[in-house]
Every structure is written in C-alpha cells, then in structure tokens.
Amino acid sequence: MKMKTKVCKHLINLDSGTLKTHERFECAECIKTGDSWVHLRTCQECGITLCCDSSPNKHASNHYQTHLTHHVVTSAEPNERWAWCYTHRSFVQY
C-alpha cells in the first residue's frame with residue numbers, strides 16, 4: 001500500500017526556480033564560534049545557511065524557533081533537492 005504524504009501550503013508555494021541558495025558552504029553561526037557542523041540547511045525566508053539537527057548546535061532549528069515565520073529550509077548539501085517545513089513538519093523533494 002502506497003502512503004500519501006500531505007504537503008503543506010508553504011511547500012506547495014515553493015518555487016524551485018527561485019530558491020535561495022548558500023553563498024558559502026558553512027554554517028553562519030558555527031563559523032562565529034569555531035564550531036563544526038554535520039549538514040547544512042538554507043532558510044527560504046532570509047537565505048541564511050545554518051547547521052542541521054544532527055549538528056551539535058542545531059542552528060537551523062534554533063533559527064526557526066526564533067523567527068517563527070521562517071517556515072521552510074532546503075538542504076544546502078550537494079546533490080540533495082528537498083525542502084522541509086518546520087511549522088507543518090512537511091517534506092518535499094524537488
């Protein structure tokens with residue numbers, strides 16, 4: 001049986017042709033403190049690139065908690081094409 005995944009309004013309205021991408025392949029906050037990261041995510045509201053929840057500091061999630069209107073991040077990892085909505089816990093590949 002194939003399960004249906006509900007995609008939220010934030011991801012449905014995401015235009016893969018106008019996605020914000022990272023300027024540098026680094027976590028903007030980890031660089032300030034000299035910390036390391038595991039994977040990177042780019043906020044689609046403001047364009048900042050931050051570390052994922054597998055990273056010690058979880059800067060991307062913390063950014064969402066601070067800016068609750070910054071719903072969607074995309075992977076900044078090479079060859080990954082997906083987006084995540086923190087608000088609705090929704091995922092889409094593009």
Side-chain angles (χ1 to χ4, degrees):
M1 175 193 269
K2 190 173 182 180
M3 294 179 63
K4 282 186 160 182
T5 304
K6 185 173 181 179
V7 177
C8 76
K9 65 182 180 181
H10 299 115
L11 296 180
I12 288 173
N13 294 327
L14 197 63
D15 179 358
S16 63
T18 60
L19 292 177
K20 292 175 175 61
T21 59
H22 60 280
E23 291 182 22
R24 296 187 178 145
F25 193 71
E26 61 190 26
C27 173
E29 294 300 320
C30 286
I31 288 297
K32 293 176 185 175
T33 58
D35 289 325
S36 61
W37 57 86
V38 177
H39 299 290
L40 298 170
R41 311 295 180 234
T42 301
C43 175
Q44 291 305 298
E45 183 66 29
C46 68
I48 192 167
T49 298
L50 299 165
C51 60
C52 71
D53 283 356
S54 295
S55 301
N57 295 308
K58 303 178 182 182
H59 285 124
S61 288
N62 292 337
H63 178 75
Y64 165 69
Q65 292 299 323
T66 303
H67 308 282
L68 293 175
T69 59
H70 294 210
H71 308 280
V72 176
V73 292
T74 55
S75 175
E77 296 298 313
N79 303 314
E80 290 187 2
R81 297 178 55 82
W82 58 262
W84 170 257
C85 175
Y86 284 106
T87 304
H88 297 105
R89 302 180 50 86
S90 187
F91 172 86
V92 68
Q93 292 182 305
Y94 56 90

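Note: hydrogens, waters and symmetry copies are ignored here, and every other heavy atom, side chains too, is used.
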Determine the interplanar angle of the H22 and F25 rings, folded into 0 to 90°, and report it as parallel if under 30°, tilted if 30 to 60°, perpendicular if over 60°.
perpendicular

Could you go through the side-chain contact (heavy atoms from CB on, under 4.5 Å) check for W82 and L11 one step at a time?
CA-CA 10 Å; W82 58 262; L11 296 180; over 6 Å; no

Roughly how far apart are Y94 OH and E80 CD, rounded to 0.5 Å?
9.5 Å

Taking atom CD of E23 and atom OG1 of T21, what is their separation to the nearest 0.5 Å?
8.0 Å

In terms of relative ring orientation, are Y64 and H71 parallel, tilted or perpendicular, with 30° and 60° separating the classes?
tilted

Taking N62 for its side chain and N57 for its backbone only, find out whether a donor-acceptor pair lies under 3.5 Å.
yes

Got a second to check how far K6's NZ is from H88's NE2, nearest 0.5 Å?
8.5 Å

Does any non-hydrogen side-chain atom of C51 lie less than 4.5 Å from one of V38?
no

When rounded to the nearest 0.5 angstrom, what is the spacing between OG in S90 and CD1 in I12?
8.0 Å

Going by heavy atoms in the side chains, are R41 and E77 under 4.5 Å from each other?
yes

Output the distance between atom OG (S55) and atom CG (L40), rounded to the nearest 0.5 Å.
7.0 Å

Could you check if a side-chain atom of H63 sits within less than 4.5 angstrom of a side-chain atom of C46, using non-hydrogen atoms only?
yes

Taking the side chain as everything from C-beta on, heavy atoms only, tell me whether H39 gets closer than 4.5 Å to S75.
no

What one should report as the nearest heavy-atom pair of K20 and T74 is O-OG1, 4.1 Å

Can a donor-acceptor pair be found, under 3.5 Å and without considering hydrogens, that links the side chain of D15 to the backbone of G17?
yes

Could you give me the CA-CA distance, side-chain angles and deciding distance for H59 and C30, then say whether side-chain contact (heavy atoms from CB on, under 4.5 Å) is met?
CA-CA 8 Å; H59 285 124; C30 286; 3.5 Å; yes

So, taking the atom named SG in C8 and the one named CG in N13, what distance separates them when rounded to the nearest 0.5 Å?
8.5 Å

Taking T49 for its side chain and T42 for its backbone only, find out whether a donor-acceptor pair lies under 3.5 Å.
no

Note: Y86 and V73 closest approach over all heavy atoms is CE1-CG1, 3.6 Å

Any idea which heavy atoms bring T87 and L68 closest together, and the distance?
OG1-O, 4.3 Å

